[in-house]
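The model shown is predicted, which means the values in this text are computed figures rather than measured ones. Naming: A, B, ... by sequence-line order, numbering from 1 per chain.
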Amino acid sequence: MEFGPDVGLEELCPVCGDKVSGYHYGLLTCESCKGFFKRTVQNNKKYVCAEQQECTVDKSQRKRCPFCRFQKCLHVGMRLEAVRADRMRGGRNKFGPMYKRDRALKQQRKALIRAGGFRTERGPPLLPSAHHRDLTFTGHFQPVPTLHNTPLLVAQNDHTSYQPPSLCSLLPSNSHGTTQYQCSPFSNWTIKSEHCAAGRATGLFSPQGPRMPQLVREFLRCDLDEVQLRKKITARLLQEQKRCEEQGNPSTFNLMCLMADQTLFSIVEWARTSIFFKQLKVSDQMKLLHSCWSELLLADIISRQVLYGKQGSVLLVTGHEMELSDVASHAGPTLASLIQRGQELVEKLHIQKVDRQEFACIKFLILFNPEVKQLEDHQFIESVQEQVEGALLEYTLDTSQLLGHFAHLLLCLSELRSLSRLAEDYLYSKHLSSEVPCNNLLIEMLHAKHSWA
DNA sequence: GTAGCCTTGACC
DNA sequence: GGTCAAGGCTAC
């Protein structure tokens, strides 16, 4: 693959939006931000913000507040250590391999965009890639044991009384925003993510196991623990079943809604404690979650089927299996069609041998959607998405050696998004006909989205 | 202080 | 020898 000398130069400076002149201190920036960063670090400048440390930094206003400009430089990932203490001119620094790798990734992304498979809802399918991978992840996760033919609600757990919290109360009010850039782990991760190629030689990759970008490792570390999730949700369902028995048996549909609701709680908890997301302001966290909750929920269900499910059955979050034919026979035409499309997607992902690492990346791609309107920290969210795409691309290239696999994942993500919209519409119609239990997170999310539309 | 252009020098 | 990311210079 050829890498033209101008790869990335058409991009905009992540600090001020001006034209990029090259890689400077860790990433592509414009000439003025390069100079500003150099002067600040070399001369050990200390700035003070006259406002609330939230000043706009763009091409026309970048001179107004050097404090916020410098904070933004650090926030987007400019590296203090790239400024030479000895002021030696010329030569190359340790970031050389990182820049090279970043160029390669950008070039690959451009190739995929040209091929029509990247960030598109309707792009033509790329070449399918059957591949075989044997990845051994040595993390804490244990596969879900099959619980076929066991009673639905069997777990014993503490039965604290249930109060449905709102999304707002689930997110911390002290989550910091743009003022706490310094020492943020973000810049650290920027380097680690981009530094993967060099990292293999410098110890960023674990000596055992597959070559896995550090960012993908972190996504796995943040990921929901399936066993804990199963215990938690089973306990909650048991509690609900007891409550409902006093008022008559709950319908299967109601139990499914409750299951989805509880999974949603866990998804919010996962997001809240995840890398990058916890750095966002609560307002942005809410906007992102309101926008993508159904996609995350569906991704959770689909990934469970692909990773642990059996053909012809549906594996529930509680660990129980339901015969697909049984489910379909009890569903109306809309739900049956949704299940059918869901199964087709599961099949596609199964053929592609999509693994936990890739699902973990997909969830972050879903969460960090820069197309969500009125985001306060749009640039950060966009940069996170780029990093996730880069890490996923790198991982898929390392494990499958096929560019088509990455494109396939993105196509499956498009299908998942489209499916989740249909599922939301279905759920909303059921809600309007009072068939969905009220006063839960599921309904709050449904209302939030429909109030925008 | 800013920012555009110039010089330098390790790496390919 | 070309490239390009460092630091330097200087008009504004």
Distance-minimising heavy-atom pair for Asn369(A) and Gln385(A): CA-NE2, 4.3 Å

Between dT2(B) (P) and Phe70(A) (CZ): distance, integer Å: 12 Å

Taking only Lys NZ, Arg NE, NH1 and NH2, and the carboxylate oxygens of Asp or Glu, determine whether Arg62(A) and Asp58(A) approach each other closer than 4.0 Å. no

Closest to the 5' end of DNA chain B, once Asn43(A) and Met88(A) are matched to their nearest nucleotides, is Asn43(A)

Just by distance, no angles: are the side chains of Glu347(A) and Gln343(A) close enough, under 3.5 Å, to form a donor-acceptor pair? no

State whether Phe36(A) and Arg69(A) meet the cation-pi test: NZ (Lys) or CZ (Arg) under 6.0 Å from the six-membered ring centroid, and within 45° of the perpendicular axis. yes

Does Lys45(A) have a side-chain nitrogen or oxygen under 4.0 Å from the phosphate oxygens OP1 or OP2 of dG1(B)? yes

In whole Å, what is the span from the CZ atom of Arg39(A) to the P atom of dA6(C)? 16 Å

Using atom CZ of Arg89(A) as one end and atom P of dA6(C) as the other, report the distance to the nearest whole Å. 14 Å

Tell me: CD of Gln42(A) to P of dT2(B), nearest whole Å? 14 Å

Looking across every strand, which nucleic acid part, if any, lies under 4.0 Å from Arg62(A) by heavy atom: base, sugar-phosphate, or nothing? sugar-phosphate

Report, as yes or no, whether the 6.0 Å neighbourhood of atom CD on Gln374(A) holds more than 12 heavy atoms from other residues, nucleotides or ligands. no

Atom-to-atom span, CZ of Arg84(A) to C1' of dG9(B) - whole angstrom: 9 Å

Verify the contact: side-chain N or O of Arg79(A) to OP1 or OP2 of dA6(C), cut-off strictly under 4.0 Å; return yes or no. no

Drop me the distance from Leu409(A)'s CG to Leu416(A)'s CG, to the nearest 0.5 angstrom. 11.5 Å

Test applied, ring pair (Phe, Tyr, Trp, His ring centres under 6.0 Å); reference residue, Trp270(A); option that passes from Phe364(A), Trp293(A), Phe277(A): Phe364(A)

Between the side-chain atoms of Arg92(A) and the base atoms of dC4(C), is any donor-acceptor pair under 3.5 Å? yes

Tell me what Lys59(A) touches on the nucleic acid: a base, only sugar-phosphate, or nothing, going by heavy atoms under 4.0 Å. nothing

Taking only side-chain N and O atoms of Tyr99(A), does any of them lie within less than 4.0 angstrom of OP1 or OP2 on dC11(B)? no

Can you give me the bend angle of the helix from dG1(B)-dC12(C) to dC12(B)-dG1(C)? Use the axis through the first five pairs and the one through the last five, nearest 10 degrees. 10°

Write down the distance between CZ (Arg87(A)) and P (dT8(B)), rounded to a whole number of angstrom. 17 Å

What does Arg69(A) touch in the nucleic acid at a heavy-atom separation under 4.0 angstrom: a base, only the sugar-phosphate, or nothing? sugar-phosphate

If I take atom CZ in residue Phe95(A) and atom C1' in nucleotide dC4(C), what distance separates them, rounded to the nearest angstrom? 15 Å

Between atom NZ in Lys38(A) and atom C1' in dG7(C), what is the gap in whole Å? 5 Å

Can you say whether a donor on the side chain of Lys34(A) sits under 3.5 Å from an acceptor on the base of dG4(B), or the other way round? no

